[in-house]
Chemist: 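My questions will all concern the structure given below.
In this chain, residues are counted from 1 in sequence order.
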Amino acid sequence: MERDGVKLIEANIDDMNPQVYEYLLERLMDEGALDAHLQNIIMKKGRPAIKVSVICVVKDVEKMAGILMEETTTIGVRVLDAQRLKLPRKIVKVNTKYGIVPVKISEYGGIRTVTPEYDDCARIAKAKKVPLREVICEANDAAKMLK
């Protein structure tokens with residue numbers, strides 16, 4: 001396993017149009033966030049809210065916090081130190097009846113995990129007018145043949 005240090009940035013938001021969240025997450029990821037997600041929470045006085053969480057490399061903390069300040073109604077964020085344990089992975093291109101699909105491969109304890117790249121599978125499914133799950137299944141089957 002590999003280990004690296006990252007930052008976790010969080011903000012609780014209870015007063016924003018929910019239509020903004022899709023754009024916010026897309027912008028965070030486009031600007032270099034390692035991950036970003038939303039979680040429903042209940043704040044003090046029983047107020048429903050959304051917790052925005054962003055994982056980024058240390059050098060991107062100011063940039064990610066700035067995006068949260070620009071794109072949301074938050075007036076402050078929490079910045080926490082965090083560590084990730086992650087498996088080494090590689091991207092391999094496999095041939096399927098729908099074309100070439102990149103798949104991510106990792107292993108731990110003798111167990112191999114294969115994950116077709118979603119964006120590529122979705123693009124192929126649209127272009128070939130076939131169900132997305134069929135493209136994913138074909139990619140998984142092709143990856144099983146790899147040594």
Chemist: Look at the side-chain heavy atoms of Ile, Leu, Val, Met, Phe, Trp and Tyr, link any pair under 4.5 Å apart, and say whether Tyr108 and Leu85 land in one connected group.
Modeler: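 Yes, because Tyr108 and Leu85 connect within a single hydrophobic cluster, where side-chain heavy atoms sit under 4.5 Å apart.
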Chemist: Please tell me if the side chains of Ile55 and His37 come closer than 4.5 Å, counting only heavy atoms from C-beta onward.
Modeler: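 Heavy-atom side-chain distance check fails, nothing below 4.5 Å.
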Chemist: On a heavy-atom basis, which atom in Ala143 and which in Val114 lie closest, and how many Å separate them?
Modeler: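 The answer is CB-CG1, 3.4 Å.
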Chemist: Among residues two or more places apart or on two chains, list those pairs meeting side-chain hydrogen bond (donor to acceptor under 3.5 Å, both in side chains) that have a residue in residues 122-131.
Modeler: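 Those involving residues 122-131 are Asp120-Arg123.
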Chemist: Do Leu28 and Leu34 sit in the same hydrophobic cluster, where Ile, Leu, Val, Met, Phe, Trp and Tyr count as joined when their side-chain heavy atoms come under 4.5 Å apart?
Modeler: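 No, Leu28 does not connect to Leu34 through the hydrophobic network.
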Chemist: Do Leu8 and Ser53 touch side chain to side chain, with heavy atoms closer than 4.5 Å?
Modeler: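 They are in side-chain contact.
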Chemist: In chain order, what residues pass the side-chain contact (heavy atoms from CB on, under 4.5 Å) check against Met145, with sequence neighbours excluded?
Modeler: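 Met145 satisfies side-chain contact (heavy atoms from CB on, under 4.5 Å) with no residue once adjacent residues are dropped.
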Chemist: Sorted by first residue and then second, give each salt bridge (Lys or Arg N to Asp or Glu O under 4.0 Å) pair with at least one member in residues 105-115; sequence neighbours left out.
Modeler: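 Listed by first then second residue: Glu107-Arg112.
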Chemist: Val77 and Val54: same hydrophobic cluster, using ILVMFWY side-chain contacts below 4.5 Å?
Modeler: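 Yes, same cluster.
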Chemist: For Asn40, enumerate each residue passing the side-chain hydrogen bond (donor to acceptor under 3.5 Å, both in side chains) test, keeping only those at least two apart in sequence or located in another chain.
Modeler: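 side-chain hydrogen bond (donor to acceptor under 3.5 Å, both in side chains) list for Asn40, sorted by chain: empty.
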Chemist: So which residues get pulled into Met43's cluster when ILVMFWY side chains under 4.5 Å apart are joined, directly or through others?
Modeler: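 Ile41, all in the cluster of Met43.
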Chemist: Any chain of hydrophobic side-chain contacts (each under 4.5 Å) joining Ile124 to Ile100?
Modeler: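 In one cluster: no.
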Chemist: Do Leu146 and Val94 have side-chain heavy atoms sitting under 4.5 Å apart?
Modeler: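 Answer yes - side chains close enough.
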Chemist: For Ile91, enumerate each residue passing the side-chain contact (heavy atoms from CB on, under 4.5 Å) test, keeping only those at least two apart in sequence or located in another chain.
Modeler: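 Partners of Ile91 under the side-chain contact (heavy atoms from CB on, under 4.5 Å) test: Pro102, Lys104, Glu117.
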Chemist: Hey, can you pull the donor-acceptor pairs under 3.5 Å for the side chains in residues 16-23, sequence neighbours left out?
Modeler:
unit_1: Asn17; atom_1: OD1; unit_2: Gln19; atom_2: N; d: 2.8
unit_1: Asn17; atom_1: ND2; unit_2: Gln19; atom_2: OE1; d: 3.2

Chemist: Is Leu80 linked to Val6 within one hydrophobic cluster, defined over Ile, Leu, Val, Met, Phe, Trp and Tyr using a side-chain heavy-atom separation of less than 4.5 Å?
Modeler: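 Result: yes, single cluster for both.
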Chemist: Does Pro116 reach the side chain of Val135, with side-chain heavy atoms less than 4.5 Å apart?
Modeler: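 Sidechains of Val135 and Pro116: no contact.
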Chemist: With sequence neighbours excluded, give me every salt bridge (Lys or Arg N to Asp or Glu O under 4.0 Å) pair touching residues 32-51.
Modeler: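 Passing the test, one end in residues 32-51: Glu10-Lys51, Asp14-Arg47.
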Chemist: Under 3.5 Å, which donor-acceptor pairs do the side chains of residues 59-75 form with other protein atoms, sequence neighbours left out?
Modeler:
unit_1: Lys63; atom_1: NZ; unit_2: Glu31; atom_2: O; d: 2.8
unit_1: Glu70; atom_1: OE1; unit_2: Arg27; atom_2: NH1; d: 2.9
unit_1: Glu70; atom_1: OE1; unit_2: Arg27; atom_2: NH2; d: 3.0
unit_1: Glu71; atom_1: OE2; unit_2: Arg27; atom_2: NH1; d: 2.7
unit_1: Thr72; atom_1: OG1; unit_2: Leu68; atom_2: O; d: 2.5
unit_1: Thr72; atom_1: OG1; unit_2: Thr74; atom_2: N; d: 3.2
unit_1: Thr73; atom_1: OG1; unit_2: Asp15; atom_2: OD1; d: 2.4
unit_1: Thr74; atom_1: OG1; unit_2: Gly76; atom_2: N; d: 3.3
unit_1: Thr74; atom_1: OG1; unit_2: Gly76; atom_2: O; d: 2.7

Chemist: Any side-chain hydrogen bond (donor to acceptor under 3.5 Å, both in side chains) involving residues 83-100? Give me the pairs, sequence neighbours left out, ordered by first then second residue.
Modeler: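 Passing the test, one end in residues 83-100: Arg3-Gln83, Asp4-Arg84, Asp4-Lys86.
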Chemist: So do the side chains of Val52 and Leu24 get within less than 4.5 Å of each other, counting heavy atoms only?
Modeler: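 Val52 reaches Leu24 side chain to side chain.
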Chemist: Checking Thr113 against Ile105 for the side-chain contact (heavy atoms from CB on, under 4.5 Å) test, could you report, in this order, the C-alpha distance in whole Å, the side-chain angles of both residues, the deciding distance, and whether it holds?
Modeler: CA-CA 6 Å; Thr113 300; Ile105 299 175; over 6 Å; no
Chemist: Leu87 and Met1: side-chain contact (heavy atoms from CB on, under 4.5 Å), yes or no, with the steps?
Modeler: CA-CA 5 Å; Leu87 296 178; Met1 263 190 270; 3.7 Å; yes
Chemist: Quick one: name the residues clustered hydrophobically with Tyr118, using the 4.5 Å side-chain heavy-atom rule over I, L, V, M, F, W, Y, and just say none if it's on its own.
Modeler: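 Joined to Tyr118, directly or through intermediates: Leu132, Ile136.
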